[in-house]
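Read through the structure below, which is laid out as structure tokens, and then see the notes.
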Number of protein chains: 2
Amino acid sequence: MVKVSSGVGPIPRATMGDVAKRLGISKAAVSYALNGQPGVSSETRMRVLALAKELGWYASSSARALSGAETGVVGLVLSRPSDLLTIETFFIHFLSGVEKVLTERGSSLLLRVIGEHPEAEINTYERWWGERRVDGVILVDERHQDLRLSAVERLGLPAVLCGGPIKGSSLPCLWTDQGADATKVMEYLVSLGHGRIAHVSGPPRFVHERTRRRGVRRAAKTLGVVVETHEAEYTGSQAADVTRRLLDQPGPPTAIVYASDVMALAGLGVASALGVPVPAQLSVVSWDDSYLTTLVHPAVTALWRDTPAYGALAASMLLDLVDGRNRGRMQLPASTLNVRETTAPPA
Amino acid sequence: MVKVSSGVGPIPRATMGDVAKRLGISKAAVSYALNGQPGVSSETRMRVLALAKELGWYASSSARALSGAETGVVGLVLSRPSDLLTIETFFIHFLSGVEKVLTERGSSLLLRVIGEHPEAEINTYERWWGERRVDGVILVDERHQDLRLSAVERLGLPAVLCGGPIKGSSLPCLWTDQGADATKVMEYLVSLGHGRIAHVSGPPRFVHERTRRRGVRRAAKTLGVVVETHEAEYTGSQAADVTRRLLDQPGPPTAIVYASDVMALAGLGVASALGVPVPAQLSVVSWDDSYLTTLVHPAVTALWRDTPAYGALAASMLLDLVDGRNRGRMQLPASTLNVRETTAPPA
DNA sequence: CTATTCTACTGAACCGGGCAAGCGCAGGGA
DNA sequence: TCCCTGCGCTTGCCCGGTTCAGTAGAATAG
């Protein structure tokens, strides 16, 4: 045990044995007293609790975990290139929701940020589970043909998938109805009078992007309008490139739906640079909402969902699973369309 | 031990005892072999390593930690209201740097996100240390009269402070030279010809905001110009309010320096809404740089520092401290001023 | 040919809790 | 008086590693 070499000596950390010795009773009695179990008189219990408090005793998490209990730690791997990661306000909102529930229920979060290497992520789960470091994990960013699902099932590692629903698996999962969201956006734009609409989506390796794309196509068909989907990474520069191409072509779209707030902002920047007035000549919608959309002028119309609640639900489903209660598949409430200043009838 | 109730049974996790039994040797021999210690023949070592790999053996972190070793976990508490947290791209950049070093050196990060309650943060450290959950912690956001410093010293909890330098303490710390940065910004603005400059700072409970303010005042005096500092929380709306007040007054400033990128963006939004052209009539500088500053049009002139490197250094200093090497006080390289489109000579 | 050293191992204690089994003693019923 | 029950506590083993103190046998030295 290495100690910080500060002037004041560190407090020696008390053990149950110390408490027992000081009171002249056995370790077991102390254990029963501290855990609220029967087997000790209430007088002894009081004395134990008082002394434990005085000594600043905490149960060693390692010792607890070693004797079969849970670790009280939940793992989360963020597997995106770090420059993309910074772009997503989604995660930090999500994390704050996760944290809230974990804190309430006495757990903590082991976080790992890695580049986008699916094997590295699966390796992390293997290690964490092998080392008994976590009780379970939250899987975010469902991918097309996601290898992580079979990996956690093979390991027997309790996990909750943010995505789905998945067939033929008892893994609990929770998801947003992207199809309903797509319909909501498309109906709104069509009601304004738009007929040439572009959809700048994120990369199709993410399942939710595929689902959105399908939803958009289906809604367009139903509504009798034309929609083109263009794929881009979740970066401002890629979104800007796509936007430039869209606006430079003859017969440009009158409305563009972007997969994220950052992409929408980049699109706005391009429109402004090209002298295309928003919303007079171009309407812009963002599929994700955040403080960014109201920070800029004009403020961006966006689909909003309660991301902290999403994280909170994921965490609570995982803790329940660890406790032996599989809550199965849960669908989140549909998003709300926050209409702001970037949408209007076409010129 | 609760198991996920999936169709396939979970892999039983092998222990050193299993390996020993299967090879007909003692646990101790297995331990020596796996840890690269002398005391076993290379032939036995090979057989142990091969079997361990085959069985998918990992050392139980709890058992390791229990027998005196470190836990391999570093703690970090983010203590800001969650709505402010989302605003700061700083943290996620910082975290990615921290993670990089921790991963390289085989540690992981225990993250806790709490509201701004200093006692809650200190409680967390007490618990973590008492429960032997972490080897050390990284303290971010140095506050005025920071109670956390004495708390970690009292506990003997290894810690690194992002801030300082602090007198009369051997706590390792690392900081940016805010004074030099202030001078850099002010000299640049004055060289453009600005004489009425406003500084919209963050809340003074953060030491770095006080240092910046002092630096700005000092530079202004040296350069013979007038600077007013206005305090605001790190939110877009507060920055917007201050900006409106500044621009509405008679003889408004010709340049505004904002404490963060988000605040600068909010300021830009207000200027745009009020019809004040940037940079023709107002120059804008952000004290923090991020992808946001280049996303908008016009792109924002900003002070840039390598935040991931900051996090990486903090993590490596902490791991060194845990290993018994106190690297003392370290100053980070000065920031670079990225001149973009929001600064020009005053009208 | 013995004395010493070294190699390659084994056995057991230990870390700090959890928990099953056992044990002495008091009180109650027959 | 004896038996039974149950309270309140103790003993002791378990979890899965680490580590120290041996020890048998082979190699080397004198």
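Every chain is numbered from 1 and lettered A, B, ... according to where its sequence line falls, protein lines coming before strand lines.
Contact check of residues 22-32 of chain A against DNA chain C (heavy atom, cut-off under 4.0 Å) returns A/K27, A/A28, A/S31, A/Y32. Of all the residues in residues 36-46 of chain B, B/Q37 reach under 4.0 Å from DNA chain D with at least one non-hydrogen atom.
Under the 4.5 Å side-chain criterion, counting only non-hydrogen atoms from C-beta, B/I166 is in contact with B/E142. Under the 4.5 Å side-chain criterion, counting only non-hydrogen atoms from C-beta, A/E70 is in contact with A/D323. Proximity of B/V48 to B/V19: side-chain heavy atoms (C-beta onward) are separated by under 4.5 Å at one or more points.
Checking the phosphate oxygens (OP1, OP2) of C/dG17, a side-chain nitrogen or oxygen of A/W57 falls inside 4.0 Å. Contact check, A/R64 against C/dG18: a side-chain N or O comes under 4.0 Å of OP1 or OP2.
The list of salt bridge (Lys or Arg N to Asp or Glu O under 4.0 Å) pairs with a residue in residues 160-174 of chain B, not counting sequence neighbours, is empty. Within the structure, no pair that satisfies the salt bridge (Lys or Arg N to Asp or Glu O under 4.0 Å) test touches residues 307-319 of chain A, not counting sequence neighbours.
Qualifying salt bridge (Lys or Arg N to Asp or Glu O under 4.0 Å) partners for A/K100, counting only residues two or more places apart in sequence or in other chains: A/E104. With sequence neighbours excluded, the residues satisfying side-chain contact (heavy atoms from CB on, under 4.5 Å) with A/Q37 are A/Y32, A/N35. Every side-chain contact (heavy atoms from CB on, under 4.5 Å) that A/S316 has, sequence neighbours left out, goes to A/V101, A/R105, A/L313, A/R327. Shown here are the side-chain contact (heavy atoms from CB on, under 4.5 Å) partners of A/E43, two or more places apart in sequence or in another chain: A/S41, A/R47. Residues satisfying the side chain to side chain donor-acceptor pair (under 3.5 Å) criterion with B/Y310, sequence neighbours excluded, are absent altogether. Evaluation of the salt bridge (Lys or Arg N to Asp or Glu O under 4.0 Å) rule for B/R64 yields no partner, not counting sequence neighbours.
Rounded to whole Å, atom C1' of C/dG17 lies 13 Å from atom CD of B/E131. Rounded to whole Å, atom P of C/dG17 lies 13 Å from atom OH of A/Y58. Rounded to a whole Å, the CZ atom of A/R132 is 20 Å from the P atom of C/dG17. What separates CD of A/E70 from P of C/dG18 is a distance of 13 Å, to the nearest Å.
Across A/L319, A/V134, A/V160, a single residue satisfies side chain to side chain contact (heavy atoms under 4.5 Å, CB included) together with A/V74, and that is A/L319.
Residues A/R112 and B/T103 bring a donor and an acceptor atom of their side chains to less than 3.5 Å of each other.
With the end axes of the helix from C/dC1-D/dG30 to C/dA30-D/dT1 each set by five pairs, the angle from one to the other reads 60° at 10° resolution.
A 4.0 Å heavy-atom criterion places the boundary nucleotides of DNA chain D facing chain B at D/dG16 to D/dC20, written 5' to 3'.
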